[in-house]
S.K.: 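There's a structure below that I have some questions on.
These values consider heavy atoms only, across backbone and side chains, with no hydrogens, waters or symmetry-generated copies. The sequence lines fix the lettering, A, B, ..., with proteins before strands; numbering per chain opens at 1.
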Number of protein chains: 2
Amino acid sequence: MGRTTLKSLAQALNMSVSTVSKALNDSYEISEATKKRVREFAKKHNYQPNVLAQSLKTGKTQTLGVVLPKMTSPFESQILEGMQQTASQHHYRIVIMNSMEDEELEKQALQSMLDKAVDGILFCPIHESSNIELAGKIMEDTPIVIFDRTNYALETHKIGVLNAEGTYSACKHLLDIGRKRIAVFCGARQGISAIRLSGYERAHQEFDIPIDTEYIVHCNVSSISELHIDMERHIERLLSLPFPPDAIVGVADTITTHLLGVLAKMGVAVPETLAVIGFANTDLAFSLNPSLSTIRQPTRDIGEISVNKLVEVINKRHRNQIAWEDIKLPTSIQFRRSTVGKA
Amino acid sequence: MGRTTLKSLAQALNMSVSTVSKALNDSYEISEATKKRVREFAKKHNYQPNVLAQSLKTGKTQTLGVVLPKMTSPFESQILEGMQQTASQHHYRIVIMNSMEDEELEKQALQSMLDKAVDGILFCPIHESSNIELAGKIMEDTPIVIFDRTNYALETHKIGVLNAEGTYSACKHLLDIGRKRIAVFCGARQGISAIRLSGYERAHQEFDIPIDTEYIVHCNVSSISELHIDMERHIERLLSLPFPPDAIVGVADTITTHLLGVLAKMGVAVPETLAVIGFANTDLAFSLNPSLSTIRQPTRDIGEISVNKLVEVINKRHRNQIAWEDIKLPTSIQFRRSTVGKA
DNA sequence: TTGTACGCGTTATCAT
DNA sequence: ATGATAACGCGTACAA
């Protein structure tokens, strides 16, 4: 059996295709009587309009593209779920392209969006300037919204978090509870990591505590095993300093969570010897032992707002002269045993 | 500037649309000379075929739909990433619909796939019979592959894991290291949970150990906080039995990981008082303290094989008389300190 | 109020 | 080897 189309409906109902089309689209030029007849008949034969044909005609695909570097950690999947749900409310579907932190793959992903198969793009770039010209070109006819890694030189809406604030609050918390010698474990020297580091610096300035550069650690995050080795090395070094730190702040999910594992393996007492806090969006923070104090990002909101903003732009008549927003959502801190102890 | 289309190319090159089309599709009826001319010109004006028009014409969308109950835990996102990558290799894109464990939403998700906007569907059902008639109907013209929750009464390819085997191996491991009183923490009484429980039973039969029904615990998994409360209650009960258990097996990711947190909070020594092992696909197993022995599912393979099988069916001429496969991949166990101690 | 005719961009059939 | 034409399913300006 062939699919029910406008044509088949029209034939069966003995009217023209356009009448049926208009009736189903609730056009004012069609009488209530026929509308009802058509609608009922269509429902009975459960007619589903062919979205492809619709899209071809209208130029709208009701599809949003997401390009992001990875999607395995809870942070990304929470964002994705937020996007998915919000998009769904706006009657958009979502196609996901994983750039896998690879600039060439990212290029391909963006390219494949260029063929007018999406109405808008949610983009989390590999780094500050990855595929920037391409992105700019795409933006000429397809709106792009940047999320998470908002330090990207494209004039458009950006949705991220107050990264420096997060680290600042974590440090302030540590200082408040008497930990004055705070080490910080970063990833790369650039990007978000650097911004988060600045919060560390500000906290120290405010509390008039000089920063010991020995305490600023850049970990090798090329792989999990490398990370473990490197962290262990750094911890050993730090603990053998004349003035060893009494706390560590992790500025990325992977770093923070694995840090706790490495410390446990090394037999370092947390929080007695070293208090630990850091960015982490895992639900398992509670299950870690000691339970982990975390800086949480509002992932769901990031996803939701990104989609809302994108849809807003899509529906806007004149895309020039939009006042682009650089939205920074606040992080929230949860104090658990890794900083405050048994309480 | 308008988009470059076949028509605009044809005009500029002063030939017909069909010639250009054939040239770009490398048709044998076009001379090498013109092919080259056309290709170069198209590249220069970076022509991108309109996939919508292509799809409308060919009936193929090069899109796969994924319908799954949730996507926030690492287990699902690992599967998704596997699917995404494999699909990409086959030149398919992926659209994801989240059913959020809700049968009505699942119905909508499936419905929305019905409009011929996808070439095939990767489906992880809410439960054994959710939307089964609808799925059957869809299968009449769009192939479906079931993944993960393979106890679903639809005649098609299914890709899951040897669930009973996993629990069996975990129990065997515990028995081997001298833990003879094993409790098991399950979720619902049906579905995968029940299957995994059967592995528990088989292990006991084989080792000639009678099963104490007090040891079989069904947790309230309606929410995380409920789960915590319920688990704590059960653990208290178990430990005050005349013959308390000396090990616990968790048969679901959430249960296993949160179990460790609850035990830590209660101050129960792991593995001294209770050894813990269970299904869990989190990378954080290492970071948990004690590090967690886990039954791991080959998530990446599940995603990859599901897509491969689906694409295979899509490309098959005669869809009747396919020998449907019920693929069960082996799980793997990683022994860590939560069972074997400091080693 | 309803119907006719055309076009969206592509592929495919049939002439030339 | 190349070109004219129809068709995919839909929306819509225009005619009736």
Side-chain angles (χ1 to χ4, degrees), chain A residues 1-39 41-42 45-63 91 112 114-119 141-142, chain B residues 1-39 41-42 45-63 91 112 114-119 141-142:
Chain A
M1 65 155 203
R3 283 175 48 75
T4 13
T5 69
L6 281 189
K7 193 197 270 181
S8 72
L9 287 179
Q11 233 153 10
L13 285 165
N14 205 28
M15 26 196 206
S16 83
V17 177
S18 58
T19 308
V20 179
S21 171
K22 285 172 185 167
L24 290 173
N25 287 331
D26 201 24
S27 162
Y28 65 98
E29 10 178 23
I30 302 292
S31 73
E32 269 315 314
T34 28
K35 273 186 195 172
K36 196 178 163 196
R37 233 184 104 213
V38 171
R39 277 202 277 255
F41 193 81
H45 292 254
N46 68 8
Y47 164 74
Q48 301 278 118
N50 182 321
V51 288
L52 268 55
Q54 262 175 331
S55 300
L56 181 59
K57 182 67 194 171
T58 61
K60 296 270 153 217
T61 60
Q62 295 303 118
T63 301
H91 303 287
S112 90
L114 227 165
D115 57 17
K116 250 317 182 195
V118 299
D119 294 343
D141 42 45
T142 305
Chain B
M1 62 154 205
R3 281 174 51 74
T4 9
T5 69
L6 281 187
K7 193 196 269 180
S8 72
L9 288 179
Q11 234 150 12
L13 286 165
N14 204 29
M15 27 193 202
S16 82
V17 175
S18 49
T19 306
V20 178
S21 170
K22 284 172 186 168
L24 290 173
N25 287 329
D26 200 25
S27 163
Y28 67 97
E29 6 176 31
I30 302 293
S31 73
E32 270 315 314
T34 29
K35 273 187 194 171
K36 195 177 165 199
R37 233 184 105 213
V38 172
R39 276 201 277 255
F41 194 81
H45 291 255
N46 69 7
Y47 164 73
Q48 300 279 118
N50 182 322
V51 288
L52 267 53
Q54 262 173 334
S55 299
L56 180 59
K57 185 63 194 173
T58 61
K60 296 270 152 216
T61 59
Q62 295 302 116
T63 301
H91 303 287
S112 90
L114 226 164
D115 55 18
K116 250 316 181 197
V118 299
D119 294 343
D141 43 44
T142 305

S.K.: Applying side chain to side chain donor-acceptor pair (under 3.5 Å), can you list everything that pairs with B:Ser16, at least two apart in sequence or on another chain?
M.R.: B:Ser18, B:Thr19

S.K.: Listed by chain and number, what are the side chain to side chain donor-acceptor pair (under 3.5 Å) partners of B:Ser21, not counting sequence neighbours?
M.R.: none

S.K.: Strictly by salt bridge (Lys or Arg N to Asp or Glu O under 4.0 Å), give each pair with a member in residues 10-22 of chain B just once, sequence neighbours left out.
M.R.: B:Lys22-B:Glu29

S.K.: Please work out if A:Ser55 contacts a base, only the sugar-phosphate, or nothing of the nucleic acid, heavy-atom cut-off 4.0 Å.
M.R.: nothing

S.K.: With A:Asp119, which residues qualify under side chain to side chain donor-acceptor pair (under 3.5 Å), at least two apart?
M.R.: A:Thr61

S.K.: For nucleotides 9-16 of chain C, give me one character per nucleotide, 5' to 3': B if any protein heavy atom sits under 4.0 Å from the base, S if the only such contacts are to the sugar-phosphate, - if neither.
M.R.: BBBBBB--

S.K.: First and last nucleotide of DNA chain D touching chain B, 5' to 3', heavy-atom cut-off 4.0 Å?
M.R.: D:dA1 to D:dG9

S.K.: Taking only residues two or more places apart in sequence, or in another chain, which ones meet B:Asn46 in a side chain to side chain contact (heavy atoms under 4.5 Å, CB included)?
M.R.: A:Lys137

S.K.: So for atom NZ, which belongs to B:Lys60, do other residues, nucleotides or ligands contribute more than 12 heavy atoms lying within a distance under 6.0 Å?
M.R.: yes

S.K.: Measuring from atom CZ of A:Arg37 to atom CD1 of A:Ile30, what distance do you get when rounded to the nearest 0.5 angstrom?
M.R.: 12.0 Å

S.K.: What residues form a side chain to side chain donor-acceptor pair (under 3.5 Å) with B:Asn14, not counting sequence neighbours?
M.R.: none

S.K.: What does the inter-axis angle of the helix from C:dT1-D:dA16 to C:dT16-D:dA1 come out as, five pairs per end, nearest 10 degrees?
M.R.: 50°

S.K.: So, do B:Thr5 and B:Asn50 sit near enough that their side-chain heavy atoms are less than 4.5 Å apart?
M.R.: no

S.K.: Tell me, please, which residues at least two apart from B:Val51 pass side chain to side chain contact (heavy atoms under 4.5 Å, CB included).
M.R.: A:Asp115, A:Ala117, B:Gln54

